[in-house]
Number of protein chains: 2
Amino acid sequence: MARAGLDKETVIRKAAELANEIGYDKITLKLLAEHLNVQPPSLYNHIKGIEELQKEIMLFGWRQMDQAMTDAAVCVSGYDALEAICRAFCKYATENPGVFNAMLWYNKFESEETQNATKEMFSIIYKAFTMLNISKENSEHLIRTYRGFLEGFALLVNNNAFGNPVSIEKSFEISLRVLIAGTKALEGEK
Amino acid sequence: MARAGLDKETVIRKAAELANEIGYDKITLKLLAEHLNVQPPSLYNHIKGIEELQKEIMLFGWRQMDQAMTDAAVCVSGYDALEAICRAFCKYATENPGVFNAMLWYNKFESEETQNATKEMFSIIYKAFTMLNISKENSEHLIRTYRGFLEGFALLVNNNAFGNPVSIEKSFEISLRVLIAGTKALEGEK
DNA sequence: TGACAAAACTATTCGAATTAGTTATAATGT
DNA sequence: ACATTATAACTAATTCGAATAGTTTTGTCA
């Protein structure tokens, strides 16, 4: 029978890879099984079903994003740190469109696991704000501002929503300038 | 045989309604047919299949969004207009979560139709910028900033991604303050 | 070496989308 | 008013993917 030697981690990594290559919503267990040289039912030894697979792709992505953002913030401080974190987010999201797509649906699977996956990560941004003399309350709100922009911008990029030939990189840089200028206006408040 | 008297518009409106009620990804032709008191194959007299239905829900949403944003901008000017447009976006998106979900995937269906659906609409924001002494080039970039934030923020709200009890309305207001303060910093430039 | 758990398999069921082919209804023109 | 025709519904059947049940093989460990 020539055992394939799969485990959960391998299955998820391959699914993530496939998602980036052919698109998140094109993934089927049949296709994934083919790419792992296995029959579809065999996957059930490692995952409960397609829903769990999707959840695992999402968690996998947020773990990697966490890592990328943390890495970006070492040995940097102030607004430079904030910028570096934002760039890391955008880079990961646009280089992994399939996985990022999965990451957007936190709540399709209500669970503490899901909540914690992102809460932990965005505490990095929170930390950056407190270094900048932004009040605790304003930081809570600002995290949402930044999260909103970052997720939305990456989503639009991944969907080719920006039709015209204007440089996307430049748009991102100007967006950062805008956000940071606006953030500075909140320094020391309340 | 008691004809149901459907037409494309009715089918799409009901699908949009259903999407808002039970969630975009829960929609099936079977379910939609039930709600229209019809057998599933009968729907094919009005739509080509589930993909076209999804595209039509998306276009339907963007048309309504266009209307809501335009309405918000009449008889207002300057930064007030910009704010009003943003609030209208957020309001429609969060009050119509199922339809908004469909609206996010422009490019699942590549077509001029799709591109035009949003291009036309965001020209309202563009117009607002030119009134504010923002250069043409910066306006192009700023539209992307605002689109990114608005779509991302609404997406996060709709997915309950904001775990803590901090007021979402207040977060949105502060976000607008930040964006507008940042936008003012670009006035007159280049 | 024998027993057991893990990981693969085959065969089957289920449900949703879709297609083919048919029939009834409503609108149109004479 | 009646014949014609297009439309909009139907039933029946096919396809495809997910999922389950039950079986066989493989590897590990007492």
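In what follows, chains are A, B, ... by sequence order, proteins preceding strands, each numbered from 1.
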| message | Using a heavy-atom cut-off of 4.0 Å across all strands, would you classify P41(B) as base, sugar-phosphate, or nothing? | response | base
| request: Take the protein atom NZ of K30(A) and the nucleotide atom C1' of dA16(C), then report the distance between them rounded to whole Å. | output: 17 Å
| Is the distance between the ring centroids of F162(A) and F122(B) under 6.0 Å? | no
| To the nearest angstrom, how far is E52(B) atom CD from dA17(C) atom P? | 15 Å
| Over all atoms of both residues, closest heavy-atom pair of Y106(B) and L156(A) | OH-CD2, 3.3 Å
| request: Calculate the interatomic distance between Q39(B) atom CD and dT19(C) atom C1'; express it in whole Å. | output: 16 Å
| Can you tell me how far C1' of dA16(C) sits from CD of Q54(B), to the nearest Å? | 13 Å
| task | Check whether any side-chain N or O of T28(A) sits under 3.5 Å from a backbone N or O of L31(A) as a donor-acceptor pair, and report yes or no. | result | yes
| Presence of S42(A) side-chain N/O under 4.0 Å of dC9(C) phosphate oxygens OP1/OP2 | yes
| Value in whole Å for how far the P atom of dT18(C) lies from CD of E51(B) | 8 Å
| query | Within this structure, what is the CG-to-P distance between L36(B) and dA9(D), rounded to whole angstrom? | reply | 9 Å
| said: It should be established whether H46(A) places a side-chain nitrogen or oxygen under 4.0 Å from OP1 or OP2 of nucleotide dA8(C). | reply: yes
| field | Gap between atoms CG and C1', on N37(A) and dA8(C) respectively (whole Å) | value | 13 Å
| query | Does atom CD of E34(B) have more than 12 heavy-atom neighbours, drawn from other residues, nucleotides or ligands, at distances under 6.0 Å? | reply | yes
| field | No-H, no-angle donor-acceptor pair, N45(A) side chain to dA6(C) base, under 3.5 Å | value | no
| task | Respond yes when some side-chain nitrogen or oxygen of T28(A) is under 4.0 Å from OP1 or OP2 of dG17(D), and no when none is. | result | no
| request: Quickly work out the L6(A) CG to dC9(C) C1' distance and round it to whole Å. | output: 13 Å
